[in-house]
2 protein chains.
Amino acid sequence: MTAANEDTIANRISRILADRIVTGQLEPGAKLRQDHVAEEFGASHVPVREAFRKLEAQGLAVSEPRRGVRVASFDLAEVREVALMRAELEGLALRHAAPHLTSSILDEAEQATVAGDNSRDVRSWEEANRRFHRLILTPCAMPRLLAAIDDLHAVSARFLFSAWRSEWEVRTDHDHRAILGFLRQGNIENAVAVLERHVQWIGQKPVKSPTGSTRDVFAIVG
Amino acid sequence: MTAANEDTIANRISRILADRIVTGQLEPGAKLRQDHVAEEFGASHVPVREAFRKLEAQGLAVSEPRRGVRVASFDLAEVREVALMRAELEGLALRHAAPHLTSSILDEAEQATVAGDNSRDVRSWEEANRRFHRLILTPCAMPRLLAAIDDLHAVSARFLFSAWRSEWEVRTDHDHRAILGFLRQGNIENAVAVLERHVQWIGQKPVKSPTGSTRDVFAIVG
DNA sequence: TTTCATAAAATTATAGATAATTTATGATTC
DNA sequence: GAATCATAAATTATCTATAATTTTATGAAA
């Protein structure tokens, strides 16, 4: 009973909307109307506005004064930008987390990798992938850094879902295994190097548009 | 006339409060009471709450549901964390900005350095320093990265102001000049290396506490 | 005194209502 | 028929009011 009340209505709304934006249920550029959202959640628009502010800070929505807020759009340039930022920050985090990694953590991370390899849809792959990254980075004990990485992960996931919304081919994550291998050896710098290359790998995939022509879509797949 | 209305009340409040927090007028841990703030700005507490949310996202305030919001506190560990993040992200930004730097931009950056050297108080030094960093990084044309760096700068500035609130000794910024020198030569990697070391330099300074004993305070001075 | 329970005050969080602004609609003119 | 302007509808931003929660103050019992 307390757990439910731990959280404010605004937070709950922002979490759910964030999920919808990330998974692509809410498309880039879509208008977020405070009254509609308020009605859906059975709340007034005050907490809704606060939720919008949080989404704005996370880079998932953009707001123009007096004109309302829209789901943030994104392009290839931003995909690259986010990938570069993640490479730097995750590298930093891993360098500081590595000395505190236990073999039980690494085993858990390996399980997450296996779960990712066996995922039959994007959603569960993304979840497993995120779990892997969180597991090996959290011991750095830098809350601000981890929060920043989390936000970038969310944006990465948007790209991923927009490209691989329905179809998803099973694949084996060699990078994750290489990282774990180096970490087990205590070879931190090699682990960091692979991780930094890994998160910058931008997947490319031809997609049929409604008109029949094909175009390439991109997504971070690390 | 339009410029004043470009901005929402919530944004104006959050900007002013952010400045107070950064400069130390509002001390770490201080309670931010929405009704009081609302009254001061002649507004209701709805925009005040939105301003609080923005401060929270910037890491300048922390909010506990149903218990209100306080000015975020910080410790040496966080100083280090922010310095490390700045090093990585500013390095990344400079690497991508360098190819687009013109000699006129570098001249402006040099002027900012001179202005910093001649500053007789922390506030104007901080402003000049921030101008320097912005000038050489903005051409990277990565909005999300620049926004993240800006937020980290604000937090750095808090540390700075808390340590050097009143007294400020004039000093010459050799790092800035070295960076400009390398950039003028087109030696990007050396410029990045100096910058990354530069922003990680944590100043240390003995301060007399009210009891008479002295303790060391720390601040990023880059 | 100290501790605990209770009551009062202060404060937060949400809801409902109002004013101001933007977007949509349709008539009028060129 | 396209463009422009005026009007209406929708939507946002804000304010006032109410309910719920937490903190502070008060006083009785150990």
Side-chain angles (χ1 to χ4, degrees), chain A residues 1-21 25-73, chain B residues 1-21 25-73:
Chain A
M1 192 196 114
T2 48
N5 259 1
E6 277 299 306
D7 223 30
T8 158
I9 293 181
N11 274 338
R12 197 162 50 85
I13 294 176
S14 100
R15 254 204 323 278
I16 294 173
L17 290 184
D19 187 70
R20 286 187 196 164
I21 294 173
Q25 289 175 261
L26 284 169
E27 294 202 351
K31 269 195 167 177
L32 295 173
R33 271 175 264 252
Q34 55 186 28
D35 281 3
H36 296 193
V37 177
E39 198 179 6
E40 180 191 341
F41 287 93
S44 88
H45 50 233
V46 178
V48 173
R49 290 179 62 78
E50 292 181 36
F52 285 174
R53 276 304 165 88
K54 188 162 186 183
L55 295 174
E56 209 186 337
Q58 290 175 307
L60 295 176
V62 288
S63 121
E64 291 178 279
R66 291 262 159 217
R67 293 196 170 172
V69 27
R70 298 172 166 278
V71 176
S73 51
Chain B
M1 193 196 112
T2 49
N5 257 3
E6 276 299 305
D7 226 28
T8 157
I9 293 181
N11 273 338
R12 197 162 48 86
I13 294 176
S14 101
R15 255 204 323 278
I16 294 174
L17 289 184
D19 187 69
R20 286 188 196 162
I21 294 172
Q25 287 175 262
L26 284 168
E27 294 201 353
K31 269 194 168 179
L32 295 173
R33 271 175 263 251
Q34 55 185 27
D35 279 3
H36 296 194
V37 177
E39 197 179 8
E40 179 191 342
F41 287 93
S44 87
H45 53 235
V46 179
V48 173
R49 290 178 62 77
E50 292 182 36
F52 284 175
R53 277 301 164 91
K54 187 162 186 182
L55 295 174
E56 208 187 338
Q58 290 175 306
L60 295 177
V62 288
S63 121
E64 291 178 278
R66 297 251 158 225
R67 291 196 172 171
V69 27
R70 297 173 166 279
V71 176
S73 52

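So you know, we letter chains A, B, ... as the sequences are listed, proteins then strands, and number each from 1.
- To the nearest angstrom, C1' of C:dT12 lies 16 Å from CD of B:Glu50.
- C:dG16 atom C1' lies 14 Å from atom CD1 of A:Ile9, rounded to whole Å.
- Residues in residues 25-41 of chain B take part in these salt bridge (Lys or Arg N to Asp or Glu O under 4.0 Å) pairs, two or more places apart or across chains: B:Arg20-B:Glu40.
- Of all heavy-atom pairs spanning B:Ala72 and B:Gly59, the tightest one is CB-O, 3.6 Å.
- For A:Glu64 and C:dT21, the CD to C1' distance is 14 Å, given to the nearest whole Å.
- Distance CD (A:Gln34) to P (C:dT23): 14 Å, rounded to an integer number of Å.
- Using a cut-off of 4.0 Å between Lys/Arg side-chain N and Asp/Glu carboxylate O, B:Glu56 and B:Arg53 are scored as salt-bridged.
- With rounding to whole Å, B:Lys31 atom NZ is found 7 Å from C:dT12 atom P.
- Taking 4.0 angstrom as the limit, A:Thr8 places a side-chain polar atom (N or O) nearer than this to OP1 or OP2 of C:dT14.
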Polar-atom pairs under 3.5 Å, protein N or O versus N or O of nucleotides 17-19 of chain D: list them with distances, or write none.
residue : atom : partner : partner atom : Å
D:dA17  : N6   : B:His45 : NE2          : 3.1

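- In terms of phosphate contacts, A:Arg49 brings a side-chain nitrogen or oxygen within less than 4.0 Å of OP1 or OP2 of D:dA13.
- The two residues A:Ile21 and A:Leu60 come nearest to each other via the heavy atoms CD1-O, 3.8 Å.
- In this structure, A:Ala51 and A:Ala10 approach most closely via the heavy-atom pair CB-O, 3.5 Å.
- Residues B:Ser73 and B:Pro28 come closest through the heavy atom pair CA-CB, 3.8 Å.
- Residues that satisfy the side-chain hydrogen bond (donor to acceptor under 3.5 Å, both in side chains) test with B:Gln58, not counting sequence neighbours, are absent from this structure.
- Residue B:Arg67 places at least one side-chain N or O closer than 4.0 Å to OP1 or OP2 of D:dT23.
- The distance from atom CZ of A:Phe52 to atom C1' of D:dA13 is 13 Å, rounded to the nearest whole Å.
- Rounded to whole angstrom, the span from the CZ atom of A:Arg70 across to the C1' atom of C:dT23 amounts to 11 Å.
- Look at CG on A:Asn11: it is 16 Å from P on C:dT12, rounded to the nearest Å.
- If you find the closest nucleotide of DNA chain C to B:His36 and to A:Gly42, the one lying nearer the 5' end belongs to B:His36.
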